[in-house]
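Please read the structure below before turning to the comments.
Order of the sequence lines sets the chain letters (A, B, ...), proteins ahead of strands, with each chain counted from 1. This is a predicted model, so every value here is computed, not measured.
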There are 2 protein chains.
Amino acid sequence: MPEKKTPDRKDQIAQVASEHFHEKGYMAVSMRDLAKEVGIEAASFYNHYESKGSILKEICFRMADEFFSGLNRALSEHHLPAAQLQAIIREHVGVVLKNFSASAVFFREWRHLSEPWLSQFLELRRRYEEQVRQVLSQGMNQGLFRQMDQNVVVYTLFSLLNGLHEWKEVQQRFSPQEVTDHIAGIVLNGIAVGDQAKHHKS
Amino acid sequence: MPEKKTPDRKDQIAQVASEHFHEKGYMAVSMRDLAKEVGIEAASFYNHYESKGSILKEICFRMADEFFSGLNRALSEHHLPAAQLQAIIREHVGVVLKNFSASAVFFREWRHLSEPWLSQFLELRRRYEEQVRQVLSQGMNQGLFRQMDQNVVVYTLFSLLNGLHEWKEVQQRFSPQEVTDHIAGIVLNGIAVGDQAKHHKS
DNA sequence: GGCATAGACTAACAATTGTTAGCAAAGATA
DNA sequence: TATCTTTGCTAACAATTGTTAGTCTATGCC
């Protein structure tokens with residue numbers, strides 16, 4: 001007797017799993033843990049997912065989709081490298097803040113994906129990184145960004161972006177726009193030629 | 001028949017465990033996995049550690065010691081906030097690069113500590129963060145740093161520092177000094193008053 | 001009504017988990 | 001030499017794991 005209408009069990013499971021994988025880590029959450037939270041028995045999961053691993057797969061690749069959508073939006077709506085970079089950051093921050101648990105799983109638990117998903121996932125990550133690198137490259141070639149090691153810039157950018165999910169307080173106390181401005185300010189200040197990219201004041 | 005002299009089994013176990021916890025995650029590594037690598041049987045661990053959890057505890061708190069040593073060294077050897085901050089970064093980077101696997105475990109696997117170690121660990125982290133915050137505070141009060149939200153600066157700094165262990169390439173291609181300069185440059189450029197902290201040019 | 005499908009259940013499985021008990025050999029200490 | 005401690009082993013344990021089989025029931029469709 002289903003006591004209330006299930007909006008979509010599969011989505012509900014992904015949602016609950018995201019939160020638990022985020023808090024305890026994928027390996028520390030059992031199917032029975034999830035079952036208790038969802039309100040069904042562990043065996044019933046297999047009507048919706050074919051394995052525990054496929055729940056993780058669903059979460060990770062759904063987030064990858066989100067990140068790529070944001071990236072493509074940023075690239076198609078802007079054409080100057082500096083504007084593109086800022087848009088990339090804004091989109092990325094938006095995705096993280098809108099899917100806090102799931103993005104934490106995406107960043108932290110992907111190594112528990114089984115093949116061939118793991119390889120596929122890493123390839124997607126590589127492509128994302130590569131696209132950002134190209135924006136940097138264009139900016140440097142056009143003389144808009146200083147010449148510097150791209151790996152270092154990418155490290156800086158992704159450390160700030162990927163570390164975001166660790167800081168609950170930041171999410172609570174600042175708007176997406178503020179976070180975006182902060183990160184964009186740091187990165188652009190770090191790489192821009194001259195001062196035209198500075199838009200903060202004391 | 002011990003085929004060769006054991007330099008120190010307990011340290012060897014901690015070393016092997018660090019590497020495996022780093023690569024697979026604490027929960028995904030069984031005692032038998034570790035045993036195979038060390039060259040003993042799983043049950044023999046209990047002559048050196050009282051539980052699997054106590055191996056993790058050892059790794060995490062040993063690293064906490066390292067980080068605090070570095071912090072204290074930085075604070076005692078310098079007195080101007082800008083110099084202190086730079087020294088803190090240098091010490092921190094040094095500790096991470098010198099104990100790559102163990103520091104990754106420190107940053108990523110601490111949530112699997114059991115009580116009361118978990119609480120104690122979080123308290124240590126809080127204290128570390130608090131000391132850095134005080135340096136920022138002093139710098140602002142002395143007019144050396146711009147007035148800005150300390151949480152945001154701390155978020156930036158720790159994202160860059162704590163994300164370090166994710167980037168094997170960075171470790172391989174840059175010296176500790178280069179990494180330190182890079183991070184210190186970003187943070188000081190972000191917070192310093194005027195241009196005196198800038199030491200790069202196009 | 002008749003019937004198929006979806007989605008829940010119970011029960012059980014084989015494997016793996018961390019851990020303990022009991023024992024043996026080597027090294028240190030006396 | 002006699003004894004104690006250290007450190008390894010084998011065997012086994014109880015619990016938990018992801019997963020499957022088989023069954024029941026409500027819902028939607030003809």
Tell me if the side-chain of R9(A) makes a donor-acceptor pair with the base of dG7(C), cut-off 3.5 Å, by modelled atom types. no

Quiz prompt | R173(A)/D149(B) ion pair, N-O < 4.0 Å | solution = yes

note: K24(A), atom NZ; dT17(D), atom P; distance rounded to Å ~ 12 Å

Whole-Å distance, F45(A) CZ to dT19(D) C1', equals 13 Å

For the base of dA8(C), is there a side-chain donor-acceptor partner from N47(A) under 3.5 Å away? yes

Assign each of A43(A) and A28(A) the nucleotide of DNA chain D bearing its closest heavy atom; nearer the 5' end lies the nucleotide of A28(A)

* **Exceeds 12 heavy-atom contacts within 6.0 angstrom, atom CD of E178(A)** => yes

Rounded to whole Å, the OH-P distance (Y26(B) to dG18(C)) equals 8 Å

- Do the rings of H182(A) and Y155(B) sit parallel, tilted or perpendicular, given the 30° and 60° boundaries? tilted

Presence of S44(B) side-chain N/O under 4.0 Å of dT7(D) phosphate oxygens OP1/OP2:
no

From CD1 of I13(B) across to P of dT6(D) the rounded distance in Å is 15 Å

* H48(B) side chain near dT6(D) phosphate (N/O to OP1/OP2, under 4.0 Å) -> no

Here the distance between atom C1' of dG18(D) and atom CD1 of I55(A), to the nearest Å, is 11 Å

Rounded to whole Å, CD of E50(B) lies from C1' of dT20(C) at a distance of 14 Å

Next item on the list: Walk me through it: do R133(B) and N151(B) pass the test side chain to side chain donor-acceptor pair (under 3.5 Å)?
Entry: CA-CA 8 Å; R133(B) 208 182 296 262; N151(B) 285 300; 2.8 Å; yes

Of the listed dA21(D), dT10(D), dT19(C), the closest approach to the Y46(B) side chain comes from dT19(C)

At under 4.0 Å between heavy atoms, what does V29(B) touch on the DNA or RNA strands: base, sugar-phosphate, or nothing? sugar-phosphate

Practice prompt. For the pair F67(B) and F106(B), name the ring-plane relationship: parallel under 30°, tilted 30 to 60°, perpendicular over 60°.
Written response: tilted

note: Q12(B), atom CD; dT7(D), atom C1'; distance rounded to Å ~ 13 Å

Residue pair I40(A)/R32(A) against DNA chain C: nearer the 5' end by closest nucleotide is I40(A)

E41(A) atom CD is separated from dT20(D) atom C1', nearest whole Å, by 15 Å

